[in-house]
Amino acid sequence: MTALEAVAERRKLRPGEALRALGLGVITGAADNDPAGIATYSVVGASVGFAQNWLLVLSTPLVIFVQQMSAKVGAVTKTDLAGAIRIHYGRGVAMPAVLLTVLANIISIGADLLAVAVALQLITGVRLLYFVVPVAAGLGYATIFFDYKRLSRYLLWLVLAFASYAIAAFLARPHWAQVLHQTFVPHLQFTSTYWFGAVALLGTTITPFLFFWQTSGEIEERRGMQALTRSQFATAVGLITSNIASFFIIVATGAVLFTHGTHIATAADAAKALEPFAGPYAKYLFAIGIIGSGFIAVPVLAASTAYSVAGLFGWRKGLARHARNAPDFYLVLGIGFVLGMELAVAGVDPIKALFYSQVLDGLVAPGLIVLLLLLTSSRKVMGDFVNGALTKFWGWAAVFVMVAADVALIYQLATSGLPK
C-alpha cells in the first residue's frame with residue numbers, strides 16, 4: 001500500500017468507524033497496565049520516587065514500534081507469532097520463548113485475580129477469598145463464550161477505569177517541577193533496588209504476552225492489509241494512553257509513599273497506603289483502577305497463553321472460532337484460568353512472585369524482539385512490507401536498552417546481592 005493509498009483510506013473513515021478502528025490498539029495498551037503492571041509501577045514509585053520516569057518516556061516509542069512489528073506479522077503472514085517463529089526458525093527456537101512467556105503469564109493471571117479480589121475487599125469489606133472464584137469464573141465464561149467482537153466491546157468500556165489514576169495523582173499533590181525534571185532528565189542510581197525496578201518496568205511495559213496477543217488480534221480483526229496503517233496508528237494511541245496512566249501511577253506513589261518511606265509489595269498495598277496521606281478517595285480510585293485493569297488483562301493474558309501454545313503446535317485457534325472448532329486452543333485457555341485461580345487461592349503467594357514475573361518478562365523480551373526484527377525485516381516473509389529504517393532503529397534500540405538494564409541488574413546482584 002502506497003502512502004497516497006493510505007491517506008485515501010484514512011479519509012474514507014467515518015467518525016464511528018475510526019473509533020472502532022482504535023479498539024485493538026486501545027485494548028492492547030490497557031492490558032499492558034494489568035494489576036501486575038500497576039504493582040510494578042507502584043513499587044517503582046514507592047522505592048525510587050520519580051527517578052525512573054525518564055525510562056517510562058524512553059520506553060514509549062520502543063513499545064510502539066515493537067507492537068507495530070507484532071501487528072505486521074499477523075496482518076501480512078496471517079500467522080500468529082509463535083507459529084511464524086516455528087515455521088521460519090524451528091520449534092527449538094519457538095519452544096523456550098513460548099514456555100517462558102506462558103510461565104510469566106500464569107503467574108500474572110493468578111496475581112491479577114488476587115489483586116482484583118483484594119481491591120474488591122478494600123471497597124466492600126468482604127473477605128477477598130469470596131471474590132477469587134466468581135471473578136475467575138465470570139472472566140473465563142466471557143472469554144470462552146463471548147465472540148471476539150463482543151469481548152472487544154466489553155474490554156473497551158473497562159478502559160475508562162484508568163482515568164482514576166490521573167485523579168489519584170493530583171490528590172497526592174506532588175511537586176510537579178520535580179516530577180517534570182526527573183521525567184525528562186535521566187537519573188541513574190547504581191543499586192540493585194533501582195535496577196530491579198528498571199528491568200521490571202521495562203518488562204511490564206514492553207511485555208512478551210502482548211506480542212502474541214497483538215499478532216493474533218490482527219488475524220481476529222480480519223481487516224486486511226489495506227487497514228495496516230490504521231491498525232498501527234491505533235496501536236500507538238493505545239500505548240501512549242497506557243504509558244500516561246503508568247506515569248500517573250508512579251507520580252501518585254512517588255509523591256506519597258516514597259516521600260514517607262512507605263514500603264509496599266502490591267498495588268493493593270499502594271491503595272491502602274495512599275489513604276492516610278491523600279485521603280480515602282485516593283484509595284478507592286486506586287482500587288477501581290486495579291479492578292478495571294484486571295478485568296481487561298486476565299482475558300488477554302489467558303488468550304495470549306492459548307495463542308502462543310496453539311501456534312507452537314500448529315493447532316486451530318482463535319476467539320472467533322467456536323470451542324468445538326478449536327478444542328485444544330480453548331482447553332489451554334481454560335487451563336490458564338484454572339491454574340491462575342489455583343495460584344490465587346493456594347498457600348503460594350503469587351503477589352510475592354508478581355514483581356519477579358515482570359523481571360522475567362524483562363529478561364525474555366529482548367530475545368523475542370530480535371526474532372520479531374528478523375521476521376519483519378525479511379523480504380521472504382514480509383514481501384514489500386519489510387521494516388523501514390525508522391522501525392529497525394527503534395526495534396534494535398529496544399533490544400539495546402533492555403539488555404543494558406538486564407546486564408546492570410546482574411552486575412548489581414553480583415556485587416550487592418538482592419534488594420532488601
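A 4.5 Å side-chain heavy-atom check between Gln67 and Leu210 finds at least one atom pair inside the cut-off. A heavy-atom distance below 4.5 Å is not found between the side chains of Val386 and Ser378. In this structure the side chain of Leu201 reaches within 4.5 angstrom of the side chain of Ile250, judged on heavy atoms. Side-chain contact check for Leu301 versus Trp213: every heavy-atom pair is 4.5 Å or farther apart. Considering only heavy atoms from C-beta on, Ile206 comes within 4.5 Å of Phe211 through its side chain. Contact annotation: the side chain of Leu113 approaches that of Val135 to within less than 4.5 Å [non-hydrogen atoms, C-beta and beyond]. The closest side-chain heavy-atom distance from Gln68 to Thr391 is not below 4.5 Å. The shortest distance between side-chain heavy atoms of Val66 and Trp394 does not fall below 4.5 Å.
For Ala297 against Asp112, the heavy-atom pair with the smallest separation is CB-OD2, 4.0 Å. For the pair Ala71 and Glu218, the tightest heavy-atom approach, listed with the atom from each and the gap, is O-CG, 3.4 Å. Minimum heavy-atom separation, Ile369 to Ala398: CD1-CB, 4.1 Å. Closest approach of Ala94 to Ala82, counting heavy atoms only: CB-O, 4.2 Å. Nearest heavy-atom pair, Leu285 versus Ala168, reported as atom, atom and distance to 0.1 Å: CD1-N, 4.1 Å. Nearest heavy-atom pair, Ala302 versus Phe337, reported as atom, atom and distance to 0.1 Å: CB-CE1, 3.5 Å.
Within a 6.0 Å sphere centred on CZ of Phe400, heavy atoms belonging to other residues, nucleotides or ligands number 12 at most.
Side chain to side chain, Tyr41 and Gln52 fail the donor-acceptor criterion of an N or O pair below 3.5 Å. Judged by distance alone, the side chains of Asn387 and Ser377 do bring a donor and an acceptor atom under 3.5 Å apart. Checked by atom type, the side-chain pair Asp80/Ser216 shows no donor-acceptor distance below 3.5 Å.
Ring centers of Phe190 and Tyr411: at least 6.0 Å apart, outside the cut-off. Ring to ring, Phe50 and Trp176 are not that close: their centroids are 6.0 angstrom or more apart.
Atoms CG and NE2, from Asn53 and His181 in turn, are 12.0 Å apart once rounded to the nearest 0.5 Å. Distance CG/Leu58 to CZ/Phe184: 12.5 Å, rounded to 0.5 Å. If you take CG on Leu333 and CG on Leu319, they are separated by 6.5 Å, rounding to the nearest 0.5 Å. Note that the CD1 atom of Ile85 and the CG atom of Leu372 stand 6.5 Å from one another [nearest 0.5 Å]. Annotation: the span from Tyr194 atom OH to Ser192 atom OG amounts to 13.5 Å, rounded to 0.5 Å. With rounding to the nearest 0.5 angstrom, the CG atom of Leu81 is 11.5 Å from the CG atom of Leu312.
The main-chain N or O of Gly238 is never found under 3.5 Å from a side-chain atom of Ser242 such that the two would form a donor-acceptor pair. Counting only distance, with no hydrogens or angles, the side chain of Thr241 and the backbone of Val237 share a donor-acceptor pair below 3.5 Å. Checked by atom type and distance alone, the side chain of Thr262 never pairs as donor or acceptor with a backbone atom of Phe258 at under 3.5 Å. When atom types are taken as modelled, the side chain of Trp54 and the backbone of His187 share a donor-acceptor pair closer than 3.5 angstrom. A donor-acceptor contact shorter than 3.5 Å links the side chain of Thr259 to the backbone of Ala255. No donor-acceptor pair closer than 3.5 Å links the side chain of Lys317 to the backbone N or O of Gly311. Side chain of Thr205 to main chain of Leu202: no donor-acceptor pair is present (N/O by atom type, distance under 3.5 Å, no hydrogens or angles). The backbone N or O of Val256 sits less than 3.5 Å from a side-chain atom of His260, completing a donor-acceptor pair. With hydrogens and angles disregarded, no donor-acceptor distance shorter than 3.5 Å links the side chain of Tyr165 to the backbone of Ala252. With hydrogens and angles ignored, the 3.5 Å screen pairs a side-chain donor or acceptor of Gln182 with a backbone N or O of Ala51.
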Report all side-chain donor-acceptor pairs from residues 114-126 shorter than 3.5 Å, counting only partners two or more places apart or in another chain.
{"from": "Gln121", "atom 1": "OE1", "to": "Leu128", "atom 2": "N", "distance (Å)": "2.6"}
{"from": "Thr124", "atom 1": "OG1", "to": "Leu120", "atom 2": "O", "distance (Å)": "2.7"}
{"from": "Thr124", "atom 1": "OG1", "to": "Val126", "atom 2": "N", "distance (Å)": "3.2"}

Next on the checklist: Using side-chain contact (heavy atoms from CB on, under 4.5 Å), reason through Val332 and Val102 one step at a time and then give a plain yes or no.
Outcome noted: CA-CA 11 Å; Val332 173; Val102 167; over 6 Å; no

Checklist entry - Can you list the steps and then say if Asp406 with Trp195 is a side-chain contact (heavy atoms from CB on, under 4.5 Å)? => result CA-CA 8 Å; Asp406 292 344; Trp195 290 106; over 6 Å; no

Next on the checklist: For Phe329 and Tyr307: C-alpha separation, side-chain torsions, deciding distance, then whether ring pair (Phe, Tyr, Trp, His ring centres under 6.0 Å) applies.
Outcome noted: CA-CA 7 Å; Phe329 171 80; Tyr307 283 130; 5.2 Å; yes

Checklist entry - Under the side-chain contact (heavy atoms from CB on, under 4.5 Å) criterion, do Leu343 and Ile109 qualify, and how do the steps go? => result CA-CA 9 Å; Leu343 201 60; Ile109 290 171; over 6 Å; no

Item to check | side-chain contact (heavy atoms from CB on, under 4.5 Å) evaluation trace for Leu368 with Thr101 | outcome: CA-CA 10 Å; Leu368 272 173; Thr101 301; 3.9 Å; yes

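The ring-ring contact (aromatic ring centres under 6.0 Å, His included) search around Phe209 returns none, not counting sequence neighbours.
The aromatic rings of Phe313 and Trp315 lie parallel to each other, with less than 30° between the two planes, well short of the 60° mark.
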